[in-house]
Amino acid sequence: MQSQMKSLLKKLKSSRELSLFLVLAIICVAVQLRNNSFLTAKTINDMLKNYSTTIMLSLGMMSVLLIGGIDISVASSLAFSGMCASLMMRDGVYSSTLVMFLVSVGIGMLCGMLVGLVITQGKVLPIIATLGLTNIFRGATYIVSGSRWVSAYQFQSTFKQFAQTNTLSFGLVNNLVFITIVCYAVFFVIMKWTRFGRRIYAVGSNPEAAAVSGININGIKFVVYSMAGAFAGLTGAMYTALYASAQSDMGMGMEMDVIAACVIGGVSLNGGQGSVVGVLLGALTMAVIGKALPLIGVSQFWQTAIKGLIILTAIIINVLTQRMMRKNALKEREI
Amino acid sequence: MATQNKRNIVIEKEKSLKSLFLRWETLLIVLFIVVNIMNASISKNYLNTANLFTAISTFLVKGFIAFPMAYILVLGDIDLSVGSTVALSATLLGVSYNAGLPMGAAIVVALLCGTLCGLINGIILTKFTELASMIVTLGTMTLYRGIAEMILGSQSTGGLQNVTWFYNLYYARIGAVPYIFIVFCVLAIAFGFVLHKTTFGRYLYAIGNNRVVARYSGIPVQTIRLICFTLVGFVCGISAIYYASWMGTVRFDIATGYELEAISMVVLGGISTAGGKGNFPGTVISIFTIGLLKYGLGLINVNSQTILMIIGAILIIVVTIPNIRVQKSATKLSKTPAKSC
């Protein structure tokens with residue numbers, strides 16, 4: 001019995017995903033006890049639909065963090081690509097939802113390529129490069145839109161209904177949630193079983209060793225930043241579909257939520273550590289917290305502070321567990 | 001033979017760095033003059049002393065932050081929480097004044113709050129040395145802004161300019177020269193002196209060049225980082241006081257984007273974000289270059305989003321140019337010993 005307990009504890013310590021899952025379950029139960037409308041199909045459905053943007057954007061951020069970089073321009077490229085695609089739809093360049101999504105992904109990818117170029121060719125630190133590009137993309141969004149909204153009545157009705165229906169999965173889940181699930185599944189396979197995915201981990205955990213073993217580091221970096229941009233573009237289209245309007249300031253500050261989701265999910269900011277499942281759980285934690293705080297009666301003005309506190313706690317706990325793991329590894333060697 | 005080669009390399013490196021700095025500062029001064037000529041040709045009233053000082057005062061409020069930010073970047077760290085610290089300090093100043101404290105005490109509260117914010121950054125970073133300063137300050141940036149939002153909600157706290165001497169902090173002048181300009185000059189000289197003429201300043205460069213070596217040569221690396229981050233907080237407190245005196249009312253969302261501007265000013269001044277390089281006069285020149293550039297763009301009715309865009313572009317271009325140059329000289333250096341060996 002005792003040994004069973006011990007091995008269970010050991011498993012908990014070694015598997016970050018499992019412990020995170022437990023924390024998430026505890027939070028859900030605690031919120032449910034305070035307000036019993038939380039664990040109902042409708043609330044969960046709403047939550048997943050509304051936070052599908054954050055969950056999706058976390059994937060792009062995760063790949064950037066894995067190579068030891070950071071991209072705080074994702075929220076602005078989200079706004080820029082979403083706005084451009086909506087403007088073209090308003091002006092009747094196309095009317096199909098699919099084309100709108102593809103255009104948005106394309107524009108987002110161009111933004112990401114620009115980020116990648118500045119970082120790999122200009123040798124600029126990722127934080128400085130993306131800090132500057134954040135302002136450039138956001139400014140460009142205001143300029144192309146003329147600081148005006150693209151409102152619901154200017155969109156096609158099929159596009160407006162897209163975020164509210166379940167057509168893609170033949171009635172199982174909401175369209176946006178379905179897209180997110182598909183992307184996570186594909187990304188999981190790519191990161192785990194393809195050469196490209198393993199190279200990303202290699203570049204992140206030891207760039208010099210990766211370069212010596214023949215990996216084109218700058219190439220990988222460029223592709224990863226372009227990919228993060230493409231995810232931002234996809235999220236931009238989802239964002240406009242979700243709210244059926246495009247505003248110049250959409251997604252402002254979202255990069256913080258996304259970084260927080262990754263950090264909570266166990267992605268190391270030094271690169272090379274983190275898993276798709278962990279990021280999914282981290283993003284879900286952010287979604288649950290965001291949805292639950294108003295449900296248990298926390299004022300909306302407190303939410304930024306609570307978010308900041310959660311991020312700080314998550315990074316510090318990360319460091320502490322890493323230290324503990326290292327200590328344990330040393331102890332085992334002694335015996 | 002080998003030592004001879006090494007010595008040659010060191011000398012060559014110093015020379016190329018020296019010429020780089022020389023070129024860099026000339027470039028900066030040329031840019032400064034171009035901006036001034038541009039502004040003067042746009043508006044006839046630009047070179048009027050009173051107008052010029054009015055324009056200068058507005059950007060000096062955030063210009064202060066560039067001083068300790070220069071220290072932080074020399075150390076090889078970064079601090080993104082400055083804007084939020086200013087907002088939180090100014091919020092507490094306004095709230096404590098409106099709660100009945102005398103203005104003097106409210107100012108002390110703001111300074112204490114700023115210092116405390118910086119100290120918290122410093123403590124987290126020095127206790128958990130594995131953490132990058134970028135991610136910690138990104139977290140505290142959200143936290144401090146959130147606390148300010150928690151205190152004020154959607155309201156603002158005002159009436160600060162009813163106290164005449166507080167109003168005068170920003171607006172009063174000796175002749176044509178505003179007080180804030182004098183304070184700025186005093187602080188600039190103090191910060192420049194400490195960076196270039198004291199052991200403390202040399203320690204900063206040593207830590208920025210190689211933190212591990214600095215530690216093994218007996219420099220108290222973590223204490224110095226703690227001091228620098230606290231210093232940033234303190235100067236943010238000063239900036240908050242001037243902001244409150246300038247605007248008279250405070251909301252929780254003031255001073256957003258100050259971190260970008262402070263970092264741009266320092267980086268444009270030639271201080272490398274990788275740490276250990278650059279000097280202080282460059283920073284002072286670039287504070288005026290960016291400030292006057294923004295003023296000039298405002299004169300021709302460029303909207304604020306576009307101005308932010310231009311500053312973002314300048315930041316990236318400025319960081320990219322020397323990197324390309326250093327890369328070239330670095331390849332040259334790495335080729336020299338390979339040939340002789």
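Keep in mind that what you see is a predicted model, and the values were worked out from it rather than measured. Per chain, numbering begins at 1; letters A, B, ... match sequence-line order.
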Chain A contact via Ser264(B) - side chain, backbone, both or neither, heavy atoms under 4.5 Å
neither

Check whether Ala313(B) gets within reach of chain A through its side chain, its backbone, both or neither, counting any heavy atom under 4.5 Å.
both

Roughly how far, to the nearest 0.5 Å, is CG of Leu125(A) from OG of Ser272(B)?
7.5 Å

Is chain B contacted by the side chain of Ile310(A), its backbone, both, or neither, given a heavy-atom distance below 4.5 Å?
neither

Less than 4.5 Å apart, any side-chain heavy atom of Ile127(A) and any of Leu80(B)?
yes

Sort Asn318(A) into side chain, backbone, both or neither according to what part of it lies under 4.5 angstrom from a heavy atom of chain B.
neither

Proximity breakdown for Leu309(A) and chain B, heavy-atom pairs closer than 4.5 Å:
both

When Val118(A), Leu133(A), Asn270(A), Ile259(A) are compared by non-hydrogen pairs under 4.5 Å with chain B, the top option:
Leu133(A)

Min side-chain heavy-atom separation Phe128(B)-Ile315(A) under 4.5 Å:
no

Smallest heavy-atom separation, Leu143(B) atom then Ala305(A) atom, equals CD1-O, 3.4 Å

With a 4.5 angstrom heavy-atom cut-off, is it the side chain or the backbone of Ile136(A) that approaches chain B, or both, or neither?
both

For Ala260(A), is it the side chain, the backbone, both or neither that has a heavy atom under 4.5 Å from a heavy atom of chain B?
neither

Heavy-atom distances under 4.5 Å only: say whether Ser154(B) touches chain A with side chain, backbone, both or neither.
both

Just wondering, do Met150(B) and Trp302(A) contact through their side chains at under 4.5 Å, heavy atoms?
yes

When only pairs under 4.5 Å are counted, which of Ile72(A), Ile316(A), Ile311(A) shares the most heavy-atom pairs with chain B?
Ile316(A)

With chain A as the partner, which of Thr306(B), Leu315(B), Ile124(B), Leu138(B) has the greatest number of non-hydrogen pairs under 4.5 Å?
Leu138(B)

Under 4.5 Å to a heavy atom of chain B? For Ile70(A) that would be side chain

What's the shortest heavy-atom distance between Met309(B) and Gly139(A), and which atoms?
SD-C, 3.5 Å

In terms of heavy-atom proximity below 4.5 Å to chain B, should Ile143(A) be classed as side chain, backbone, both, or neither?
side chain

Rounded to the nearest 0.5 Å, what separation is found between the CD1 atom of Ile78(B) and the CG atom of Leu131(A)?
7.0 Å

Value rounded to 0.5 Å, distance of OG1 in Thr142(B) from NZ in Lys307(A)
8.0 Å

Counting only non-hydrogen atoms closer than 4.5 Å, does Ile310(B) touch chain A with its backbone (N, CA, C, O), its side chain (CB onward), both, or neither?
neither

Between the CG atom in Leu260(B) and the OG1 atom in Thr134(A), the distance rounded to the nearest 0.5 Å is 8.0 Å

Roughly how far apart are Leu312(A) CG and Thr140(B) OG1, rounded to 0.5 Å?
6.0 Å

Could you state the interatomic distance from CD (Glu149(B)) to OG1 (Thr304(A)), rounded to the nearest 0.5 Å?
3.5 Å

Okay, Ile151(B) and chain A: the region with an atom under 4.5 Å from a heavy atom over there is neither

More than 12 heavy atoms from other groups under 6.0 Å of CZ on Arg323(A):
yes

